[in-house]
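Worksheet for the structure shown next.
In this text the structure is predicted, and so the values were computed from the model without any measurement. All heavy atoms count here, side chains included; hydrogens, waters and symmetry mates do not.
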Amino acid sequence: MQVAELIEKDLILIGATAIEDKLQEGVPDCIETLSRAGIKIWVLTGDKMETAINIAYGTCNLLNNEMKQFIISSETDAIREVEERRDQVEIARFIKEEVKKQLKKCLDEAQQYFHSVSGPKLALIIDGKCLMYALDPSLRIMLLNLSLNCSSVVCCRVSPLQKAQVTSLVKKGARKITLSIGDGANDVSMIQAAHIGVGISGLEGMQAVMASDFAIAQFRFLKDLLLVHGRWSYIRLCKVVTYFFYKNLTFTLTQFWFTFYTGFSGQRFYDDWFQSLYNVIFTALPVIIVGLFDKDVSSSLSKRYPELYKEGIKNMFFKWRVVAIWAFFAVYQSLVFYYFVTVSSSTSQGSSGKMFGLWDVSTMAFTCVVVTVNLRLLMICNSITRWHYISVGGSIVAWFLFIFLYSGIMTPYDRQENIFWVIYVLMSTFYFYITLLLVPVAALLGDFLYLGVQRWFFPYDYQIVQETHKDEADDSGRTDLLGIDNQLTPDEARSYALSQLPRELSKHTGFAFDSPGYESFFASQLGVYAPQKAWDVARRASMRSKPKPKPNKIN
């Protein structure tokens with residue numbers, strides 16, 4: 001200090017630089033929406049406590065006057081008095097004891113509020129020095145229990161290491177799914193410690209983006225990432241996994257019932273190529289289409305009703321009850337496939353008068369399996385597009401094309417002659433068509449009744465939203481998906497408006513018509529205000545018309 005006082009003397013202030021550190025637009029609305037979705041938001045910041053509390057109050061809407069706030073701070077008279085003695089051992093022991101007392105006191109009070117019917121929401125505010133001792137193995141369980149009982153947690157003056165430690169505490173101690181989001185190099189350790197890391201490509205470098213799983217331009221896009229794409233992905237993944245389990249269990253059980261009639265001798269029910277191509281060709285494409293395009297509600301409704309996200313938090317679509325229901329209907333359908341076909345074919349015969357054999361029955365059963373499991377997929381789709389119809393219809397057609405070729409061609413090198421001409425014999429009988437009609441109907445009848453009763457009497461939240469807005473058009477356009485409806489700067493609004501204008505094609509060059517002033521012309525046609533810029537005039541002035549080629553003289 002003395003050296004600084006001697007040097008910094010009689011100086012002339014020429015100028016000063018500063019960095020404005022403020023929250024991006026749309027952050028309060030995003031945080032409020034995520035809170036309504038059942039997501040607990042923790043703020044881990046290096047700011048001092050007063051600044052963090054002000055931001056949490058006024059900007060982030062994490063704190064309000066109705067909350068009961070538990071503040072654990074090292075800025076107390078007792079701690080200052082001990083720190084003045086400059087005994088590091090005593091300071092560490094005293095602060096640890098104080099933190100332990102505060103945690104126990106706050107936890108007991110939180111338990112009382114938690115068990116009360118109309119208790120207020122709780123919030124925990126702790127600074128970095130106290131957090132260092134609270135993360136001690138002997139106190140971290142108490143800190144975790146207190147934090148989980150609070151709606152909001154604000155950690156101030158924390159180091160990058162402490163950010164990672166807090167994230168790991170929730171991830172491993174509470175076994176919760178964690179997401180960390182940051183925009184600077186000091187957030188890298190926190191981003192890497194969480195299950196999912198999101199980096200914001202802002203003004204503080206690209207370190208956070210390079211270390212993250214997802215990169216977004218602004219914090220408000222987190223709402224679209226979680227409530228729209230994240231929820232859609234969860235529902236799609238649950239459907240894909242459970243459907244794979246269902247279709248393979250159905251296919252396998254038909255062979256399992258056959259073993260009871262063969263004395264477990266090892267005689268196979270299906271041809272080898274049937275088993276090999278079942279998952280590769282005949283049932284592969286439809287489930288991929290569902291995993292790519294299925295969505296229960298539009299993006300705008302997903303953000304209008306953030307409570308829909310809670311179904312994913314509760315794991316409503318991938319619990320043991322859901323798997324058991326799929327397994328039950330798989331067993332039921334396999335019984336229908338096997339016993340309906342075998343019993344009905346026992347008295348049936350081909351056009352030549354011969355009784356149907358093993359390969360006739362198995363081919364008939366496999367045809368019913370392929371048709372039924374593909375149609376069953378359409379029953380779980382919330383949105384059906386032409387790609388669903390193409391994939392389902394294409395898979396069924398692929399099976400018939402394969403069996404026509406496989407059973408119609410025989411060479412001296414064939415290992416199996418039993419399938420030869422089987423499909424042609426079957427399709428020459430009335431039995432084939434009536435069975436192909438009745439078996440899928442009987443197999444899917446139970447699923448149809450269950451889905452109807454479930455939707456009428458025990459609907460999911462998204463089904464209620466579907467019924468509420470079933471007469472509304474899907475307004476999930478690109479504008480809403482990208483969050484363009486939020487406030488934009490004049491230049492951004494102009495750029496977006498111009499990007500939506502039609503692109504005229506030049507009759508002479510074939511390229512996009514880009515002559516100066518086209519923006520204003522087409523904008524006026526569509527009622528979009530897009531004034532000309534100075535560079536439009538400059539570009540017009542700089543353009544030179546090419547001289548016309550002189551016509552050749554004909555002598």
Residue pairs fulfilling salt bridge (Lys or Arg N to Asp or Glu O under 4.0 Å) with at least one residue in [range], sequence neighbours excluded:
range: residues 230-241; result: Arg231-Asp296, Lys239-Asp294
range: residues 182-203; result: Lys163-Asp187
range: residues 440-459; result: Arg376-Asp447, Arg455-Glu467

Requested in this report: Work out which heavy atom in Thr76 is nearest to a heavy atom in Ser73; give both atom names and the distance.
Outcome: CG2-O, 3.6 Å
Query raised in the report: If every non-hydrogen atom of Glu25 is compared with every non-hydrogen atom of Arg220, which pair is closest and at what distance?
Result: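 Minimum heavy-atom separation between Glu25 and Arg220: O-CD, 3.2 Å.
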**Report entry** Under the side-chain hydrogen bond (donor to acceptor under 3.5 Å, both in side chains) test, residues paired with Ser391 that sit two or more places apart
**Finding:**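 Ser391 satisfies side-chain hydrogen bond (donor to acceptor under 3.5 Å, both in side chains) with no other residue.
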Query raised in the report: Taking only residues two or more places apart in sequence, or in another chain, which ones meet Trp257 in a side-chain hydrogen bond (donor to acceptor under 3.5 Å, both in side chains)?
Result: Ser334
Query raised in the report: For the residue pair Phe366 and Phe337, is the inter-centroid distance of their aromatic rings smaller than 6.0 Å?
Result: no
**Report entry** Tyr305 and His469: CA distance, side-chain angles, deciding distance, ring-ring contact (aromatic ring centres under 6.0 Å, His included) verdict
**Finding:** CA-CA 12 Å; Tyr305 301 99; His469 300 275; 5.5 Å; yes
Query raised in the report: Yes or no on side chain to side chain contact (heavy atoms under 4.5 Å, CB included) for Lys100 and Tyr133, after CA distance, side-chain angles and deciding distance?
Result: CA-CA 9 Å; Lys100 183 178 181 179; Tyr133 295 98; over 6 Å; no
Query raised in the report: Yes or no on side chain to side chain contact (heavy atoms under 4.5 Å, CB included) for Ile72 and Ile125, after CA distance, side-chain angles and deciding distance?
Result: CA-CA 6 Å; Ile72 302 177; Ile125 305 170; over 6 Å; no
Query raised in the report: Quick one: ring-ring contact (aromatic ring centres under 6.0 Å, His included) partners of Phe256, sequence neighbours excluded?
Result: Phe260
